[in-house]
Amino acid sequence: MRSQRKCDIAAGTFIALLGAVVIVAASQIRGDVEERLPPRTLPYVVGFMTLAGGLGLAVKSYRFRGEDPEIEWPEKDGWVRIGVNLLLLALFTALMDPLGMPITTGLYVTGAIWYMDRKRILAALLTGAGSAVAVYYLFIKLLGLNFPLGPLGR
């Protein structure tokens with residue numbers, strides 16, 4: 001029998017291992033000493049946060065005492081939703097170079113929110129635009145990271 005507790009422990013362990021792999025990979029990134037923020041900083045932060053989140057999920061699930069609920073697997077609509085989100089993520093990755101990080105982020109966030117709740121198109125558009133602006137100013141202007149800019153860099 002599959003239970004939520006067992007799956008959360010397995011997922012937490014997998015996520016923690018993924019975080020550890022990101023940390024190891026980030027340690028291989030070389031950068032100039034003259035840069036104010038080395039290129040491996042963001043991958044390190046993401047890796048450590050992923051590791052901590054995975055460990056937290058696994059430990060919390062392991063220590064859980066109570067009735068262990070069974071997992072309700074998604075029906076057809078749930079699988080379609082998962083597939084569409086994976087497709088959106090693949091499009092995000094494929095369009096990153098030609099359109100740039102800010103524009104692609106805005107489109108991805110808008111598309112994902114709109115797909116999940118089609119009645120809130122204005123909220124999807126505003127959140128997508130806000131995400132694009134935040135990515136541009138936070139990662140590119142403030143931190144000076146070298147993400148693709150697409151048309152914004154020309």
Side-chain angles (χ1 to χ4, degrees), residues 1-31 35-96 100-120 123-148:
M1 176 174 86
R2 294 185 176 131
S3 68
Q4 185 69 45
R5 181 174 175 253
K6 290 177 187 176
C7 287
D8 282 349
I9 292 170
T13 304
F14 175 75
I15 291 168
L17 288 173
L18 181 64
V21 168
V22 169
I23 292 167
V24 169
S27 69
Q28 304 300 316
I29 299 173
R30 301 288 174 235
E35 294 183 54
R36 64 180 174 164
L37 192 64
R40 65 176 159 248
T41 303
L42 184 62
Y44 266 141
V45 170
V46 170
F48 279 110
M49 290 177 67
T50 304
L51 176 68
L55 287 175
L57 176 62
V59 169
K60 181 181 175 187
S61 299
Y62 179 77
R63 296 180 67 195
F64 176 75
R65 300 292 175 241
E67 187 175 331
D68 197 9
E70 285 189 43
I71 296 176
E72 293 182 26
W73 293 101
E75 295 184 13
K76 183 181 178 189
D77 291 343
W79 286 111
V80 169
R81 183 174 284 199
I82 291 169
V84 167
N85 280 296
L86 288 174
L87 177 66
L88 286 172
L89 193 57
L91 284 170
F92 174 78
T93 305
L95 296 174
M96 180 81 66
M101 178 79 160
I103 293 172
T104 309
T105 300
L107 291 172
Y108 171 76
V109 170
T110 300
I113 292 174
W114 174 79
Y115 179 72
M116 293 295 180
D117 188 1
R118 294 199 176 130
K119 293 175 260 177
R120 304 191 61 180
L125 289 169
L126 292 174
T127 307
S131 298
V133 169
V135 163
Y136 181 75
Y137 281 105
L138 179 65
F139 293 118
I140 296 168
K141 289 295 185 187
L142 182 65
L143 296 176
L145 299 176
N146 293 324
F147 286 118

Applying side-chain hydrogen bond (donor to acceptor under 3.5 Å, both in side chains), which residue pairs with at least one partner in residues 8-24 are found, sequence neighbours left out? Gln4-Asp8
Atom pairs and distances, donor-acceptor, side-chain atoms in residues 43-64, under 3.5 Å, two or more places apart:
{"from": "Thr50", "atom 1": "OG1", "to": "Val46", "atom 2": "O", "distance (Å)": "2.7"}
{"from": "Ser61", "atom 1": "OG", "to": "Leu57", "atom 2": "O", "distance (Å)": "2.9"}

Note, [X] side chain near [Y] side chain (heavy atom, < 4.5 Å):
X: Leu107; Y: Thr110; result: no
X: Ile113; Y: Asp117; result: no
X: Tyr108; Y: Leu88; result: yes
X: Leu89; Y: Asn85; result: no

Give, for atom CD1 of Ile23 and atom CG of Leu18, the distance between the pair rounded to the nearest 0.5 Å. 10.0 Å
About how many Å separate CZ of Phe92 and CE of Met101, when rounded to the nearest 0.5 Å? 5.0 Å
Thr105 (side chain) donor-acceptor with Ala132 (main chain) under 3.5 angstrom: no
Check whether any side-chain N or O of Ser27 sits under 3.5 Å from a backbone N or O of Val24 as a donor-acceptor pair, and report yes or no. yes
Do other residues, nucleotides or ligands put more than 12 heavy atoms under 6.0 Å from the CZ atom of Phe14? no
Grab the two heavy atoms, one from Ile29 and one from Arg40, that are nearest each other, plus how far apart they are. O-NH1, 2.6 Å
List the residues meeting ring pair (Phe, Tyr, Trp, His ring centres under 6.0 Å) with Tyr136, not counting sequence neighbours, and say none if there are none. none
Hey, does the Lys NZ or Arg CZ of Arg81 hover above the aromatic six-ring of Trp79, less than 6.0 Å from the centre and inside 45° of the axis? no
